[in-house]
Every structure is written in structure tokens, then in C-alpha cells.
Amino acid sequence: MRPSSPGRYPPRPPHPLTGSRSSPAPTRADPAPTAPRSPTACTSSSWTTPPSPPTKARSAAWPPPARSPGRRSTPTPQRPSPTAPTSTSSAARRWPGCPACSRSYTYDYAFNGFAANLTAKQAAKLAAEDGVAALEKNQLLTLDTVSTADFLGLAGQGGAWERQFRGDAHAGEGVVIGMVDSGYSPDNPLFAPLPEPRPDAKLIKRKWKGSCDSGTSSKITCNNKVIGAHYYRQGVKAIPEEYDSPRDYGGHGTHTASTAAGDHGVPASINGGSVGEATGMAPAARLAVYKVCWSIDYAGGNSCASVDTVAAINQAVADGVDVINYSISGSTTSAVNSVESAFFNAARAGVFVSASAGNDGDKGASTVAHNAPWEMTVAASTHDRGYRTTLTLGDGRTFTGVGVGAAVPSAPLVNSSAVGKAGADPSEVELCFSGTLDPVKTAGRIVVCKRGTNDRVDKSRAVQQAGGAGLVLWNPSANSLNADFHYVPTVHVDHLAGPQIAAYAASSGATASLSASEVYKAPAPQMAGFSSYGPALAGNGDLLKPDITAPGVDVIAGVAPVSSEGNQFGVMSGTSMSSPHIAGIAALLISKNPKWSPAEVKSALMTTAYQSDNQGAPIKDAAGSNATPLNFGAGHVDPPKAFDPGLVYDSGWKDWQKYICAIGQQLPADTKAKSCDKVKKTDPSDLNYPSIAIGALAGSQTVYREVTNVAADKSTYDVRVSAPAGFTAKVSPSTLTLKPGASKEFKVTLTRTTAPLGSYAFGSLTLTDGRHVVRSPIAVKAVAIAAPAAVNVAQAKASGKVTLEAQAGYAGTMNAKVRGLKAADVTTYALKNANGGGFTSSRPAASDQVAAQTVTVPAGTKALRLATFASDYPADTDVDLYLYKQSATGALTLTATSANDGSDEAIQVSDPSAGDWVLFAHLYSAPSTGGAAKVAVNSWVLGDGSAIGTTLSPATAKVKIGGTASFTLAWSGLATGKRYLGTVSYDDGSALLGSTTVQVATG
């Protein structure tokens, strides 16, 4: 796993967390487009195992008592006393069925199970033991950050701190925020002790059960601001310089913690220059730090192991935190892995969870991570503090961009590609890697560099090293513009201006000058180009994610001096930075409303959010187009309004379980969730959520919601729907009268009229009583047919069948046709020396860790699929697939990539063009087998016909709008131990409407 931040400052490039792009004091590096993950650092295989039933009795306080309706039963939910290991050292415990299995952690609270280092043979034996519900391999994740308090309406006269808490000194009292990240810098002034005596001392003493682990090297000491700290390193091999303590080395955790709850009004400076006063969102709240992310190389790489993360969440819940911030990457497809399941139990215990949406927005739609309904998923956008610099070309043209720095008088303007060192990699020269520019050619010149791969600030360092006078940094595609603190005066321009400037720089005698930067009030918010967006893959678009957006671009907060050239403050960008804004604001709401459930806090934040910028225009995306709820969810957070939402949409663990089963996933046994076959069936769009999403609406659909009055007075609300374009909407009842604390249901029916098929349309649902405006976004995609995208049949017999159901968005005839079932062609490659790298997608080549396979596709082929399966390898093996189309001249064009954690990879191309396709299978890592593995590539080329023994009936069905047709796919004569693939396509006699991929694995 990686932190969620895309940017940082010398001497280290970006964190692989969920959010930091940096600058001379951290502005995190941009993620390398050819490296899907940071290198795996584990040297042994770690596993998370939830035994069922639990082997240890729980205290009477666990599971959390049922609440009505999903609210906190007390201001401070009771949790069991902590007994789980709280640091990197833990006593080795044994599992009876595996005496040699040494446990790293035992999880008791947010997750029931244990982690252990196992060989592949031990893992297989353990999985077969009675009482073992599931076995999950350790994953490496990554981190996804002056004060934004004014922009958010918290500070100043009339701000939320003053109106709700009588000032910043009390804002967030009585609340503990748990930061699961890379630790913190205890010497940073944002973590200085709060004034004594503390008004909330008794409340904190009553709820807080945690402790402070000072560590074994570079020890830390807690105070009344940071009241607890622990560190976990069973799943990551860190660099020797890392601290064996909660102390932060990379700076990401310091940034996120100080953003959420740093002290108020701390003077901040970067490289000796004042940048104003810094403050956290909840300056009077307490912090508890759980270090799980570690620096793994000297290029800014960080990794966060899932076994450590689960242990930290487990401990945080036991300690008594009210809020958890998680600025670390996550799955886009699973809502029930060990980390998400731990958060399920945390939310069930009354803990609000804020998680970063991810930094893969520049890769396109459906990149949003953390898609479970029990956590708040946060996108990133800009704030209104802007820095601009003007570039004037010698021909008189001017371009205004973002920059911090002094003026540069007229100087020669050159492209970096023209001033590279002899023998330097041309691609690295174009991107201005440190040490690649020739001082003789660069001295005194302004250099034009393209964004990408290396840290943005590394580019200015390269120019400075070669004696350059200034830098023009340009985006090759729509993305954020960042005010980094560079080594030389710099202007950062967009994808429209960049090519024009580069073209001029290539002309003879080109010159340019840079103005001194100026601070101004920028139009804001605007969505960051890196911010991941929906529709969510987990849930197939039936739950709108992300939930909300908050400031995540050029955020100034605390950093770690050791990795920031001695600075205590720095700039970072990423969803890692937006998430702690929401965590801190949630702490404020909990401080004011301690009985609100996590779902009620989320609802208050979402239904009061806004969708326009400070100029009154719709919020824009990075390309300047109007953003949509797929980008920002409900909109931009508006803290002052969230304190009085009027109504809330509440939900609890039973509701979340129904939703998870409805999307075809299963919560693990440790969550106390029922098997889905025992859970009442529901439509996932009916989860009582503060947004409405339907990922595939065929004709018409009715969704149901319930609101609860959290205001002090009885009120009557009018319920209104602004229907998405091309739809009609009907709401019933149209008015609701609620006493304080009362709840009432209503329903909304959406019917397609003229909406284009296959495209999303957006609207809103608003309830108002004249004082409160309770708004929910609506996102719906009209389809001609709603059918399952894929059906997998495991352990099938030689003969069998499966039923497929398809809902129609039209009236008439629905035809169905099967292709296949066809057995896979399997080619095995002996690969070795896997080291977490070794493949560059822009320059694909076979090697000892990369296999190249050519597949010749005949004309008329309907589907090409290539896949690897995790069950073929030890669980810690990681394989990635890259598919290229080969031209007549032999040139390769990248068409598709599958680079998930692990070895379950698949690429499928519908109606592929005839000719040669080349697949590169990269053995990314294989630690338990010494970096070697036999990689088996399964391939299918499906033509237009069905295989002998495969039938589909009926072939035709009459349908009406909203009606369902059922088709039965049957097979016979399949060989044992094979993987078969087929597709079922649906049409109306004139056009293809959709298809279902069917995969049958025989036992």
C-alpha cells in the first residue's frame, strides 16, 4: 500500500502515499506513469487470517451494542481494554494447526484474526484448517497535503470556531483523532502542548484507554496534544535511517496530522521565508499517532503494509479514538478486504473514518478507492490562495501560470531535450531528471521541462545543478498547477500553453523572461487533475464515490525536517491532504454533537456541501469543464453549515451488510456479518445514503430513503427533485413533517425518457423547510439492458448450468447469443530476479523477469482475453500484464494494463482488430520463492460460434420497459481442471445492447 499524496521537495521525490506532490519543503513528486506501485520491500510472506469462530472471548462491550437508529448511544462509545500488540515487538503465538507459524499480530477489536509470516506450504496447510474463515496476503499500500481555515469558514469573526466553540481555543475539545500514517515529528510547533488546565480533561480521561510507545531509536515523548503513539513494522523492510519509533521520517504523517488538528496560529516559514500562520482544522482536539508507513528507499518511496495497518486500526479502536484519518491508497474493487473490514468494525463502534479517494484521476474514470459506505471518501480540490507568475516570450506572447519565486530578466529559452548531457537517457532529459542536463548548454538559460515521473521539484534541481536561470514546467495533459517552492524561479503552465512554449523554445534565438510571483485570491475550488473519481468499480456505480471534496492542492502544514532540508513546514498536494481536512472538521461536529453516529456526521457534511466556486460558477475540473458528482460527490465541504443540517440520512452496520451483499461481496466472519444467503435481499441503490446513484438504469427504478430530524424544532419539509437530463422524477410523499428526533421515509422514482444510453446524467434531491436546505446529488446511467458484466462459476462439474437475468430499458424483443465455452490456451514462462521494478511500459522488452507473448487474432474475432490467476502461485507473488497492438512495421502501442496487487490479472478486448497482439507478463515480485516463478498466461480468442455441448435458452424473449428476461446457459463434456471462457451477448434485433462474460473453472 502507498500513501495518498502526489508531490514533494528536495532531496526526495514523491511519497507513494495517497497524497503529496511536493516542493522545497515537501511538494510531493508526481507518480511515475510506468510504475504502478512502489517497490515491494517484504522479504517474507505475511498473511492476515481471520479465524472463525473467534478463539478468544470478547469483553461484554464487544461487539458494540445495537443503537437506535444507528446513533451513538453515549458521547464516548465504550470499547474493550486494549490487549493487542501495540508496537513492532510482539510475543510469538502459535496456531494449533501450524505449530511453526509465528504470529506478528493478534487482532481483537476492529478485526478478529492474526498476522503471521508463512511459507507458501504453511499458508496452504493453514487455509485447510477447521476454523479458518479466510487467508489474505499482506499488501503494500501507499500514502495519498498556509492554513485553509479561512477558506473553509472556520477562522475569523463569525467563523465556525467562534460561533460554535467561542473561539479556536475550544474547537474540537473532547475528541481524539487517530492518524494512521507515517508517524509525526514531535518537535514540530504544531504539536506543542495545549494550555493547562484542559476543559475536557475529565472527558478525555474517561474515554482514552491508550498509551505512548516512545520507541527504541529517536524516541518520542507524548504530551497533552499527542496523547498516544505507536508504530508497526512487521510487513515492510525500511531503510536503515528510518526511526524505530513513532517519529516521522518522510514527513507525510506530520503533514496530515497537523492539517487535521495542529495547534492554532503557529508562525510558518519555508526556506527561511514566512508563509503565514498554520493551524489545524480542530486545534483543540487531541491526536493519537499510529505509524504504519515507512521510507523504503532514498528516492522518496514509502510503503504501508496491510498487516500493520489492520493492527493500527485495531489498536486505535481499542484506545478510544473518535475519528480515524487514512491517507493511504486502497482497493478500487473490494469493499471487504482486511483494511476495509477493520474500518467496518471501527465505524460500527462509533468511529468516523475519513479516507483519501486516491491520486489516479489523470488515468481516467473509475479510479476512486475506498468505496465502502461506512467510510467518507474524500476528493481533492484547490483553495483560494494562489501564486501566479507571467512568462513573456521574445516574440511578445505572454503566458500566466502558477509559480513562487523572483523575477528573471530576459534570457535564452531552451527545451531540456536540447541541453542534455551526452549519453543521458533522452526520456529523462526531457523530464529534467537531476544530473541529466549539460551545464555548458544550460548555464544562464530558462529551461522548458515536461511534467511526469520524477518529482516536480527534482526538475528545478536539475536546472539549478546545470546553472540554469529559470524553469518552465508544463503539463502534457490536463492536471493540477502547483505552487511548489523550487530551486530556481519557476512557472508551471497547463497542457494548452506548454506545447506552444516548447515550440517557440525550439526556434532559433528564442528568449523569455519571468515576472516575480504574486499572491492573489484564486477562483476556487477547482478539482485537482490527480484526484481519483468515479463511477466506483466496487458497487458498479450504485454508490456515489467520492463522497465530498476538500482542499488538497498546495497545502502548507508541518513536515519532517530530516527529509525536508531542515524545514518544519512544507507544501504537499494530494487526496492525502484533503482527507485530514475532513477528519478535522468531523472532529468539530462530534465535539458539538457527541451522540451523532458516523453516518450522521457524514450526512451533515454531504447535504450541506456546495457545488459552485467563489466566482459563482460551477466547480470546474482540471481541464476547465464543469465537474460532476463523479468528481466531487456531494460537492465541496462547507463546515459552518454542517453544524445545523436539519435532517440526516442515518445508517448502521446492518444496512451496510445488506449493501455489501447486494453488490456481490461478503464481509469476513470476523465482522460478525451474516453469510449473504441469510441476509434479506435489497437493491444496492436503496442504501440510506446522502446521495442517490444508479449505475445501470434500464427503464425505470424507484429508490427509498429515510431522513431523521436532528434540529431542535418540529419542521415541515418540501421534497423536490431536479431530475437528471433525459429523465422524469416523481417523489412520494412530497412533504414531510418531523418532530425532533423523528424519522420518515420517502421514495423517488426515476424514469428514462430521452437520456442517451451509456452516459451518466446528474440531478439533485432537495428537502427544505425554509431554513435548512438538505441536498443530495443524483447520478444515474441509462442503459438499454442491465445485465451482469461477469459471472464466475468455480469448481464446476463437466455438466452444469447458470441462469443469467437481464433487465430491459425498452419494449420489444431481446435476443441472446453465446460464444464459447472455450478452454484456455496456457503458456508458462520461467521468470526470475523479480525486484519490484524492471519493466517500463513506454519501452517494453522481454527480460529474465518479463515474458513477451504474441497472440495472432483472426478477422472476425469477438473477444480476446489474457489472464493470470492468483491460485496458480504463492500468495505473495505479484504479476502485471501489459497488452500492445503491433503494427505492420512492428511498432507497439499500449492498449490495456492490468497491474493490481497480487496475481489475479485480466485484460479483455472486445472485437479486437485482426493481426498480432503482444502481451508482456511482468513478474513484479515473488519474495517467498526467491524472486522466481513460473508464470502461466491463460489466453482465449473467441470467434462467433458456440462450442459443442454449450447451449443457451431461450434464444429470444419478449420484454417491456423495466421487465426482466432470464436465460439459461448450459454446458456438458467439459474437461476437468480447465478454465473455460464464454460470452453471452444481448441485442434487440438491430443493435448490440450488452454482454456478460462467463468463466467456468472445472474442479
Stepwise salt bridge (charged side-chain N to carboxylate O under 4.0 Å, His left out) check, K817 with D944: CA-CA 9 Å; K817 181 178 181 179; D944 201 28; 3.3 Å; yes
Cut-off 3.5 Å, side chains only: do [X] and [Y] have a donor facing an acceptor?
X	Y	value
T840	S842	no
N359	T575	yes
S532	D360	no
S573	N482	yes
T868	Y873	no
T377	K545	yes
T854	D916	no
Q908	T997	yes

Y829 vs Q853, side-chain hydrogen bond (donor to acceptor under 3.5 Å, both in side chains): CA-CA, chis, key distance, verdict: CA-CA 10 Å; Y829 302 91; Q853 177 174 325; 2.7 Å; yes
Sidechain N-carboxylate O distance under 4.0 Å for R451, D362: no
Cationic N near anionic O, under 4.0 Å, R843 to D425: yes
Ring geometry between Y884 and F839 (parallel below 30°, tilted from 30 to 60°, perpendicular above 60°): perpendicular
Face-on cation placement of K822 at W940 ring, 6.0 Å and 45° thresholds: no
side-chain hydrogen bond (donor to acceptor under 3.5 Å, both in side chains) between N631 and D621, intermediate numbers included: CA-CA 8 Å; N631 301 106; D621 62 19; 5.5 Å; no
Worked verdict on L919 versus L881 for side chain to side chain contact (heavy atoms under 4.5 Å, CB included): CA-CA 7 Å; L919 178 80; L881 302 180; 4.0 Å; yes
L981: which of L942, V941, V998 passes side-chain contact (heavy atoms from CB on, under 4.5 Å): L942
Gap between atom CZ of R456 and atom CG of N475 - 0.5 Å precision: 9.0 Å
Approximate separation, where rounding is to 0.5 Å, of R865 CZ and Q999 CD: 5.0 Å
